[in-house]
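Let me give you the structure first, and then I'll get to my questions.
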Amino acid sequence: MKEQIENVDWTKHRLPHRDVGVVPVHIVYRLYGSVPKVELEKLLEERKQLFGSRGLVRPVASGQDNQGKSTGRDVRSRSEWTEEKFEDLLHNRSNGPYHLANPQIAKLVLESWHWIAEKYSLYLYAICVMSNHVHVLLSAKGEETVSIGAVMKAHKNFTAIAANKLLGQTETSFWAAGYFDRDLRKNQFITLMWYILNNPVNAKQVKHWEEWPFTYLNPDYDPFFRTTPDVLSG
């Protein structure tokens, strides 16, 4: 049963993947075995109860003013809800493995993304390699869309083989099947960039995101997201 749950292709439990275009796409993927089977089962069941099989949206954290107009964020997509819940599992319910904490493997993942970006003409906004999962924000550079399936297959195949070699493992699954991806909705960019960059901070690994050695921020965005040396030294 564990093998069945771990090998669930999460792409079949969400809306169909779309090719990467000019709209930034947030991708999250994880190590094989990084979330206990029972937690995966609970997550799938809870999502089924909330969303059914059609990926419909549901009201969240919304209220009404005295004119009866809705306030705050009214809906959340199935992919956003799942991403947030799964992130909590990875931070608070995981019991390993934590292979990505190995500096050699984390560096391998980052370098692979830069190679992928060049090969497939992608623009990388930010990458954060945590101990058991990875966040990537990217978009296509030109007008041509890029197959996200081809991108993830190339990246995961290469890094799995190389990482298992470093670990001395053979015939062992490295990445969990599937991945989460979603297009950013309007006005989400800055919020999501901070969310990705601050992942190590929220996990209480560092005080400032710049201290985390396995984060990449596109230099184009340094003026907006990097703090000054004085702030860091304080």
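Quick note: residue numbers are just sequence positions, from 1.
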*Under 4.5 Å between any side-chain heavy atoms of His133 and Asn199, yes or no?*
yes

*Sort and list the pairs that fulfil side-chain hydrogen bond (donor to acceptor under 3.5 Å, both in side chains) and have at least one residue in residues 138-149, not counting sequence neighbours.*
Tyr125-Ser139

*Parallel, tilted or perpendicular for Tyr221 and Phe225, by the 30°/60° rule?*
tilted

*Are any side-chain N or O atoms of Glu118 and backbone N or O atoms of Trp115, one a donor and one an acceptor, separated by less than 3.5 Å?*
no

*Can we call the ring centroids of Phe180 and His26 under 6.0 Å apart?*
no

*Any residue meeting side chain to side chain contact (heavy atoms under 4.5 Å, CB included) with Ala160, in chain and number order, not counting sequence neighbours*: Phe174, Trp175

*Would Trp194 end up clustered with Val206 when hydrophobic side chains under 4.5 Å apart are linked, directly or stepwise?*
yes

*Side-chain touch Val146/Leu122, heavy atoms, less than 4.5 angstrom*: yes

*Say whether, by atom type as modelled, one donor and one acceptor occur between the side chain of Gln169 and the main chain of Lys165 under 3.5 angstrom.*
no

*Taking the hydrophobic residues Ile, Leu, Val, Met, Phe, Trp and Tyr, and joining any pair whose side-chain heavy atoms are under 4.5 Å apart, which ones share a cluster with Ile161?*
none

_Path from Met130 to Val201 over hydrophobic side-chain contacts below 4.5 Å_ = yes

*State, yes or no, whether a side-chain contact exists between Val20 and Tyr120 at a heavy-atom distance under 4.5 Å.*
no

*Evaluate whether atom CD1 of Ile190 has more than 12 neighbouring non-hydrogen atoms of other residues, nucleotides or ligands under 6.0 angstrom away.*
no

*Can you name the side chain to side chain contact (heavy atoms under 4.5 Å, CB included) partners of Ala101, sequence neighbours left out?*
Ser131

*Kindly write out the residues that satisfy ring-ring contact (aromatic ring centres under 6.0 Å, His included) with His155, not counting sequence neighbours, or none if the list is empty.*
Tyr29, Trp113

*Go through the structure and list residues passing salt bridge (charged side-chain N to carboxylate O under 4.0 Å, His left out) with Asp220, not counting sequence neighbours.*
none

*Does the pair His114 and Tyr216 meet the rule for a ring-ring contact (aromatic ring centres under 6.0 Å, His included), with working shown?*
CA-CA 10 Å; His114 287 287; Tyr216 166 77; 4.5 Å; yes

*So do Pro213 and Pro103 actually touch side chain to side chain, heavy atoms under 4.5 Å?*
no

*asked:* Can you confirm whether Arg30 sits close enough to Asn132 that some side-chain heavy atom of one is under 4.5 Å from a side-chain heavy atom of the other?
replied: no

